[in-house]
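The next block holds one structure in the form of structure tokens; read it before the comments.
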Amino acid sequence: MRSLIDILDFTTEELDELIAVANDIIENPVKYSEKCKGKKLATLFFEPSTRTRLSFEAAMLELGGSVLGFSEANSSSAAKGESVADTAKTISCYADIIAMRHPKEGAPLVAAQNASIPVINAGDGGHNHPTQTLADLLTISREKGGFENLTVGFCGDLKFGRTVHSLISALSRYSGLKFVLISPDELKLPSYIKKDVLKKRNIPYEQTTDLESVIGDLDILYMTRVQRERFFNEEDYLRLKDSYILEPRKLKNAKPDLSIMHPLPRVNEISVAVDDDPRACYFKQVLNGKYIRMALILKLLEEAGR
Ligand code: NCD
């Protein structure tokens, strides 16, 4: 059964196809409005979410399907001690496809191994978030026309930010890329990603703590929130949370065609005054996320023969 657990589960050709379908949905929404009639998406969210869960639900509704699910662990049988494997087997009796978010790394993989329907990883702990990456890739492709020869800056919590991990993996398969990793020392990109992705593929990268000194080099600036829920110690969070605040004056040396991205939710790391800058793309990412999730649901249901 084909699932989406890690962005690398899909080839670059498959990602191109998903982007093409998403673009077609944007152009011709009516053509898709009954494609999932009679089909059900289960959203199993063991962790908070606004965009990811509601965009999955909106995606399925716009395909003519229906949705069921829960939005907090406490309202599911997980609170009684049920295993992820049993939950996955159970939901397979009710739905055609699952989107699951879980605080434990690897939980959606366990669900996929036990479900008889496709499972989509909607975020697992500080590990991966492949469908945010799909939204990011659609945005980059629409803003930049492709993925090659870009200098991409990631700024903020690169240690726990799962959207960063998945996007770096996805982009690492294209040529001519350079990454600029901007974070406090305590929140640097995990060394396993540097070793298994960046060094393995010989991708040039630089690490810095200073956003303003590198902003002029960037084609894309991907800002992130410091991931409070992954900290062991509130004092560390409070010390690090406002490490970077993007304000209009800091964009003085940025390229005129910079794309400013953020998976959202934002806390303080982008001032609202930046929202009116034509380079701000983060609300476009939200909308793109719905369209590419429609394309993903269609692909996985078709491959599952449902
Ligand atoms: C992200 C996540 O859940 O990892 N949010 C999202 O899905 N767009 C980013 C975040 O929570 O900081």
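Counting starts at 1 for both ligands and their atoms, following the listed order.
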SB check E212 K252 (cutoff 4.0 Å): no
Protein heavy atom at shortest distance from atom 6 (C) of ligand 1: L264 O, 3.4 Å
Option nearest atom 10 (C) of ligand 1 (shortest heavy-atom distance, choices R51, R225, Q285): R225
Aromatic plane relationship, F70 with F46 - under 30° parallel, 30 to 60° tilted, over 60° perpendicular: perpendicular
K241 to F231 six-membered ring, cation-pi geometry met (6.0 Å, 45°): no
Side-chain heavy atoms of Q113 within contact of L109, under 4.5 Å: yes
Any N/O pair T163/ligand 1 closer than 3.5 Å: no
Mutual orientation of the aromatic rings belonging to Y192 and H165 [parallel < 30°, tilted 30-60°, perpendicular > 60°]: perpendicular
S83 side chain vs D86 backbone, donor-acceptor pair below 3.5 Å: yes
Ring geometry between F147 and Y174 (parallel below 30°, tilted from 30 to 60°, perpendicular above 60°): tilted
N or O pair under 3.5 Å between H129 and ligand 1: yes
Whether R101 lies under 4.0 Å from ligand 1, heavy atom: yes
Any N or O of P265 closer than 3.5 Å to N or O of ligand 1: no
Proximal atoms of ligand 1 relative to Q227 (non-hydrogen, under 4.0 Å): 10 (C), 12 (O)
For atom 3 (O) of ligand 1, closest protein heavy-atom neighbour: R162 NH2, 2.9 Å
Atoms in ligand 1 with a heavy atom of T52 nearer than 4.0 Å: 6 (C), 7 (O)
